[in-house]
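Notes follow once the structure below has been shown.
We number each residue from 1, following the sequence as shown. Just follow the structure's listing: the first ligand is 1, and inside any ligand the first atom is 1. Note that the structure is predicted; figures quoted are calculated from it, not measured.
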Amino acid sequence: MTRPDLVIRSRQAVLPDGTRPAAVVIAGPSIVAVEEYSVAADAVSEVDLGDLALLPGLVDTHVHVNEPGRTGWEGFATATRAAAAGGVTTICDMPLNSLPPTVSVAALAEKRAAAAGQCWVDVAFWGGAVPGNTGSLAALHEAGVVGFKCFLLDSGVPEFPPLDEAELRSAMSVLAGLDATLIVHAEDGAEISSASGRDFGAFVASRPPKAERRAIEKVIRAASATRARAHIVHLSAAECAAMIAGAKGAGIRLSAETCPHYLFFAAEQVPEGATEYKCCPPIRDAINREALWRALEAGVIDCVVSDHSPCLPALKEPETGDFGAAWGGIASLQLGLPAVWTVARRRGRSLDDVIRWMASGPASLASLPAKGQIAVGGDADLVAFDPDASWEVEAAQLFQRHPVTPYLGQKLTGSVRQVWLRGKEISADGEPLGRLLSRGDSAQ
Ligand SMILES: [Zn+2]
């Protein structure tokens, strides 16, 4: 073996088979060995993290970067810096809110051109499934998207319309043939009423659990009929967990994610007019939150990813404080790990659990085999994490384009200390080292 470039030692290395003291040996961009903590390794450089935990870099499969087209809302440079600061070394960009939406190979090329050279972490791309683009799905798949996203109700932007049930089935039939995953925003518009005003409770009541249930039923029916692989994004209504568990048990290829805000906040605590808490589906009450945690702990929910979806501050926080008028989306790419760890730790969960939910689970969803775990042959994407540090979120710490988030002022436990991307430390005064990934990329 040639001389390794780097050895990182930690007494709490979070490995696929558990947390233990270990030395991770790196050559070029890859992990080449995982050894005993005190192994002699003649590496070019060495880092001993002592009691700091060593995590695989997180994989966040649900990020709206919005560039090109709505770069004033967020962009590749700001989003990927926020990701790096939060211990996220791979993001998968959503196909909507940017212009054009990623619904054709030409649009994917525009997106990749916009991202090139300004990414601080690795970036992969979802394609979109919209009415009329069934014929483009195979070519987008071939071009390397990690899967496809669709909506079952108005997406909030006119250029990314929803699929009806027949269109859902025909898209899923094509995707089953490609063995590609369809990820679905599962709310049923027929169960949603309009809401306005400053009362968060009224907004939550306008989007009841039944709206999620009805939509997930459609997805399960379509997945069962087509044998395609489907994934429910941002599950909020915990009552749907039983249905998802049942479908999984019946051999339907279904998975689900939830988001840090559904696990951290509860509707009861949202102040009047505090539109920074608005997202769809909504943050529900504390009882629902507890049930969501249990579904996650039971393995019914597979991943926790951010659904980072910022916009212009004036759209997010209209002066009226009107929940009907505000943009729905919560920006938390930099904060997901400590937000989830803060609660997980209180519940007696381990970093192994958090890494399964936030790194290896999402990497598997997006078919990125080199990512999400500390394993020989994988990319050396690593995070030094202090699981005991507590701190308060301040706007000045945030790298996202606009520091609007409901986490401001929250006390969190766990702090990211150092991050390596493919063996190189990400440094604020360095260069952006992120690559644009394609589905199935192995370590390079
Ligand atoms: Zn989203």
Side-chain angles (χ1 to χ4, degrees), residues 58-67 69-70 73-76 79 82-83 88 90-99 101-103 111 123-130 145-163 181-189 192 207 211-212 215-216 219 230-237 255-263 265 275-283 301-312 315-316 326-336 339 358 362 365-366 400-402 404-406:
L58 270 55
V59 177
D60 191 336
T61 50
H62 197 149
V63 179
H64 296 267
V65 177
N66 305 331
E67 182 174 4
R70 289 192 178 89
W73 294 15
E74 182 63 295
F76 284 101
V88 176
T90 302
I91 64 169
C92 302
D93 173 58
M94 280 293 164
L96 71 157
N97 300 350
S98 50
L99 292 167
T102 318
V103 295
K111 180 85 84 148
V123 178
F125 301 92
W126 293 102
V130 294
V145 296
V146 295
F148 295 85
K149 165 108 181 253
C150 75
F151 275 68
L152 299 182
L153 82 174
D154 178 18
S155 72
V157 292
E159 67 277 3
F160 200 93
L163 301 181
T181 303
L182 184 68
I183 66 173
V184 185
H185 181 125
E187 286 185 293
D188 185 335
I192 291 172
R207 306 184 88 100
E212 291 185 61
I216 293 171
V219 176
H231 174 83
I232 307 300
V233 296
H234 50 51
L235 180 74
S236 170
S255 55
E257 71 189 35
T258 190
C259 307
H261 38 273
Y262 301 122
L263 298 168
F265 297 112
T275 50
E276 66 272 24
Y277 288 86
K278 179 178 175 181
C279 58
C280 299
I283 293 166
I301 298 172
D302 304 271
C303 312
V304 180
V305 291
S306 69
D307 194 8
H308 179 79
S309 185
C311 65
L312 295 173
L315 294 175
K316 186 66 197 159
W327 173 257
I330 287 182
S332 67
L333 183 49
Q334 190 175 338
L335 304 170
M358 304 187 80
L365 170 69
Q400 60 194 54
R401 177 150 350 258
H402 306 288
V404 180
T405 169

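Not a single donor-acceptor pair under 3.5 Å links the side chain of Glu257 to the backbone N or O of Val233. A donor-acceptor pair under 3.5 Å is formed between the side chain of Asp302 and the backbone N or O of Ala256. A donor-acceptor pair under 3.5 Å is absent between the side-chain atoms of Thr275 and the main chain of Trp327, judged by distance alone. The backbone N or O of Ser332 lies less than 3.5 Å from no partner atom in the side chain of Thr405, so there is not a single donor-acceptor pair.
The salt bridge (Lys or Arg N to Asp or Glu O under 4.0 Å) test applied to Lys278 returns no partner, not counting sequence neighbours.
Considering all non-hydrogen atoms of both residues, Phe160 and Pro101 come closest at CD1-CB, 3.9 Å.
Only protein N, O or S atoms were scored, and 3 of them lie under 2.8 Å from the Zn ion (ligand 1).
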